[in-house]
Amino acid sequence: MTTIGIIGAGEVGSQIARAATAAGHSVVIANSRGPETLAPLIAELGLTARAATAAQAAAAGDFVVIAVPLTLVNDMPVHELAGKVVIDTNNYMPLRDGHFPQVDSGEMTVHELRQQQLPASKVVKAFTHIQAPTLLRFARPPGAADRLALAVSSDHPDAVELAVRLQDQLGYDTVDNSPLSESWRTGPGTPVWRRSLMGGQGRAGLLRDLAAATR
Ligand SMILES: NC(=O)c1ccc[n+]([C@@H]2O[C@H](COP(=O)([O-])OP(=O)(O)OC[C@H]3O[C@@H](n4cnc5c(N)ncnc54)[C@H](OP(=O)(O)O)[C@@H]3O)[C@@H](O)[C@H]2O)c1
């Protein structure tokens with residue numbers, strides 16, 4: 001059994017926790033308000049889940065999911081995340097997050113920025129273009145005709161491999177959209193992202209929409 005640390009217990013973090021525990025993993029999950037506030041979620045998830053602080057979740061995970069919007073002042077536990085694959089579900093939303101000049105100018109993608117903030121971790125962007133409430137409902141077994149595909153991006157091939165494995169276990173095919181500098185192709189407003197609001201697409205459609213993205 002793999003232990004997955006999950007930082008963020010909102011729409012995305014809680015849904016990944018539900019999907020991961022259903023797939024046989026254990027999860028250690030954190031929010032910003034403290035483990036005690038997660039008691040109802042832990043009761044729902046069962047014995048393979050526990051709540052912790054963000055640093056404890058990072059330390060406990062064989063790998064870690066960050067389901068928290070990125071901030072310019074890094075608030076993630078850098079030390080505990082060192083040496084680990086970090087799956088980043090963040091989407092850059094200036095109305096919510098404020099403007100990041102280095103992203104707005106095209107100097108770097110928001111996920112390169114996360115990688116810069118976590119220099120000893122292996123960041124992989126994943127689960128960013130599926131609406132969280134649909135994660136369990138849209139899951140399909142391998143080979144199903146209507147299985148959706150999700151893009152991942154990383155500068156680390158072993159992080160891509162891990163994300164592909166996890167997405168497969170949770171019911172999704174993967175298209176590798178690496179490196180992180182290409183991750184803008186799945187950001188808010190792109191064809192890939194817009195299609196996710198209409199139910200997503202399979203591998204062929206995802207490849208088409210990735211190629212159609214413009215900056
Ligand atoms: N919602 C979607 O369908 C969806 C889909 C794909 C990608 N995304 C992206 O994924 C990210 C998370 O989205 P969401 O919808 O899950 O957001 P959300 O519902 O607002 O949840 C954010 C979570 O992060 C926690 N948090 C914030 N700062 C933290 C910190 N410093 N340490 C630990 N936990 C912290 C919050 O804890 P508290 O509640 O205790 O403050 C909350 O549990 C965003 O970047 C979003 O754009 C969202």
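Ligands are counted one by one from 1 in listed order, and the atoms in each one are counted from 1 as well.
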Give the numbers and elements of all ligand 1 atoms closer than 4.0 Å to a heavy atom of N90.
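Heavy-atom distances to N90 below 4.0 Å select 45 (O).
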Going by distance only, is there an N or O of [X] that falls short of 3.5 Å from an N or O of ligand 1?
X    : value
H129 : no
T128 : no
V12  : yes

What residue and atom, counting heavy atoms only, is the protein's closest point to [atom], and at what distance?
atom                    : result
atom 7 (C) of ligand 1  : T89 O, 3.2 Å
atom 38 (P) of ligand 1 : S32 OG, 3.2 Å
atom 12 (C) of ligand 1 : A67 O, 3.4 Å
atom 28 (N) of ligand 1 : V68 CG1, 3.4 Å
atom 44 (C) of ligand 1 : R96 NH1, 3.4 Å
atom 31 (N) of ligand 1 : D75 OD2, 3.1 Å

Please work out whether the ring planes of Y92 and H99 are parallel, tilted or perpendicular, with thresholds of 30° and 60°.
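The rings of Y92 and H99 stand perpendicular, inter-plane angle above 60°.
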Close approach of [X] to ligand 1, heavy atoms, under 4.0 angstrom:
X    : value
I130 : yes
M76  : yes
Y92  : no

Do [X] and [Y] have side-chain atoms, one donor and one acceptor, less than 3.5 Å apart?
X    : Y    : value
Q131 : T134 : no
N177 : T186 : no
R194 : T190 : no
S26  : T3   : yes

Nearest-option assignment for atom 3 (O) of ligand 1, heavy atoms, candidates A132, A58, A9:
A132
Option whose closest heavy atom lies nearest to atom 25 (C) of ligand 1, chosen from P133, G8, G34, A30:
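Going through P133, G8, G34, A30 one by one, G8 has the nearest heavy atom to atom 25 (C) of ligand 1.
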Protein heavy atom under 4.0 angstrom of atom 17 (O) of ligand 1, is there one?
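Under the 4.0 Å cut-off, atom 17 (O) of ligand 1 has no protein heavy-atom neighbours at all.
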Mark whether atom 20 (O) of ligand 1 lies under 4.0 angstrom from at least one protein heavy atom.
no
Nearest-0.5 Å distance that lies between atom CD1 in I7 and atom CD1 in I66
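It is 5.0 Å, given to the nearest 0.5 Å.
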